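In what follows, a single structure is set out as structure tokens and then discussed.
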Amino acid sequence: MKLLSRNVYVFFFLSITVILGTQAQESNTKQKAVLVTGASSGIGLKITEDLSAKGYFVYAGARKQADLNRLNAMENVQSIKLDVTKWDDINAAVETIIKEGRGLYGLVNNAGVAIFTPLIEVEEDDLDFIFDVNIYGPYRVTKAFAPMIIESKGRITTVSSISGVLSGQFFGPYSMSKHAMEAYTDALAVEMKKFDVHVSAIEPGNYNSKIVESLIKRMESNDISFTNSLYKTEFENLINGYGADRSRFKDPSEVSDAVEKALFSDSPKRRYMVVPNESEGNWTITQILREMVQLNENQAYKYDREALIEILDKVLAETE
Ligand SMILES: NC(=O)c1ccc[n+]([C@@H]2O[C@H](COP(=O)([O-])OP(=O)(O)OC[C@H]3O[C@@H](n4cnc5c(N)ncnc54)[C@H](OP(=O)(O)O)[C@@H]3O)[C@@H](O)[C@H]2O)c1
């Protein structure tokens, strides 16, 4: 009798262990996993905090050990050393994520940098720097993780900007990189459709982050100054007006909400413009319409106002 009850106990213990083991494995594969690049601060950190708090598993890309440690301490987060300009980091990240066995459902190409420089003075090295991170970065990371995203019929989201539509004094290099992200997103979206992978762009206006602080730090450490610039006064006004401290801008929760919709809603949109006030939305929509008018102005098959409205109605119907 004693032997029987001991056997029953052993059987019960083993069964529980197997059930728990299977459940752990299942939750490993069921908990949708997302990779966020540039998760150390600003928008990327907010996305990481929000998605992990909602129970998604976040692989949070960062470059500095202190950031990796900080992110790793968060629940549902595993930090991944990831400089988007380095193939070694990217390949190692792919290997790590494959080994973890959760698959990868979502990729958020968020890492980005800015420079403010007049186009007739910008150094080629500075253009290389911004394009390497803002354009080649998403290209590299997306290419490397595409097989995993295709396997999970997942989602790819690029954090572009309203600078993907707007441009202006000293914003040339930054807005060139974000305009490129718009084209990248549209082409990628068409190419990924046959794999049931949806691609979206998020277009934030001005939100609180470290983007200008990092820009000013880089200018200081690379000895970039505008003492001899043809635009010295305008540049000083811009930097004084902007300042490194962006705490006057809103926290980027709205941007993170849009990323969640792009990743997990049943009918994700191609573009999510997220602006902190009406003016920034107005500049952006007006610029798009201005470009439409400029394109139409002198073309051989020019549309009149009624025909333009008809086209607008057609496009509105497509997106409903
Ligand atoms: N904040 C805004 O108002 C705003 C508006 C429109 C669009 N955006 C876009 O939002 C994205 C995030 O920027 P943010 O405003 O949140 O600025 P942020 O606080 O400066 O964050 C930028 C992130 O990118 C990372 N990063 C920079 N170079 C990298 C590289 N080579 N490899 C991997 N990561 C790198 C940074 O990491 P380190 O800490 O290691 O430097 C940081 O985690 C950018 O694409 C930006 O263009 C921002």
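Scope of the values below: all heavy atoms of this structure, side chains included, with no hydrogens, waters or symmetry mates. Just follow the structure's listing: the first ligand is 1, and inside any ligand the first atom is 1. Treat the numbers as computed from the prediction; the structure is a model and nothing was measured.
- With a heavy-atom cut-off of 4.0 Å, E213 does not touch ligand 1 at all.
- The proximity of E203 to ligand 1, defined as any non-hydrogen pair under 4.0 Å, does not occur for either the backbone or the side chain.
- With values rounded to the nearest 0.5 angstrom, N134 atom CG is found 11.0 Å from S175 atom OG.
- Between Y56 and F264, the ring-plane angle classifies as parallel under the 30° and 60° cut-offs.
- Counting heavy atoms under 4.0 Å from ligand 1, residue I211 touches it through both backbone and side chain.
- R218 forms a cation-pi arrangement with F129, by the criterion of a distance under 6.0 Å to the ring centre and an angle within 45° of the ring axis.
- Distances below 4.0 Å separate heavy atoms of N206 from the following atoms of ligand 1: 3 (O).
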Worksheet entry | Stepwise ring-ring contact (aromatic ring centres under 6.0 Å, His included) check, Y231 with F226 | CA-CA 8 Å; Y231 301 91; F226 287 82; 8.8 Å; no
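- No salt bridge links K261 with D257; every basic N to acidic carboxylate O contact stays at or beyond 4.0 Å.
- Comparing G205, A66, G112, A39 by heavy-atom distance to atom 22 (C) of ligand 1, the nearest is G112.
- Taking a 4.0 Å cut-off on heavy atoms, T37 fails to register as neighbouring ligand 1.
- Considering R63, R140, K210 only, the shortest heavy-atom separation from atom 28 (N) of ligand 1 involves R63.
- Using a 4.5 Å cut-off on side-chain heavy atoms (C-beta onward), S40 and R70 make contact.
- The option from S160, S40, S209, G42 that lies nearest to atom 17 (O) of ligand 1, judged by heavy atoms, is S209.
- Considering Y207, F129, Y136, Y174 only, the shortest heavy-atom separation from atom 8 (N) of ligand 1 involves Y174.
- Remark: R155 is not positioned above the aromatic ring of Y105, lacking an NZ or CZ atom under 6.0 angstrom from the ring centre and at most 45 degrees off the axis.
- Of the heavy atoms in V113, only side-chain atoms (C-beta onward) come closer than 4.0 Å to ligand 1.
- Considering only non-hydrogen atoms, atom 34 (N) of ligand 1 lies nearest to A111 out of A114, A62, A111, G137.
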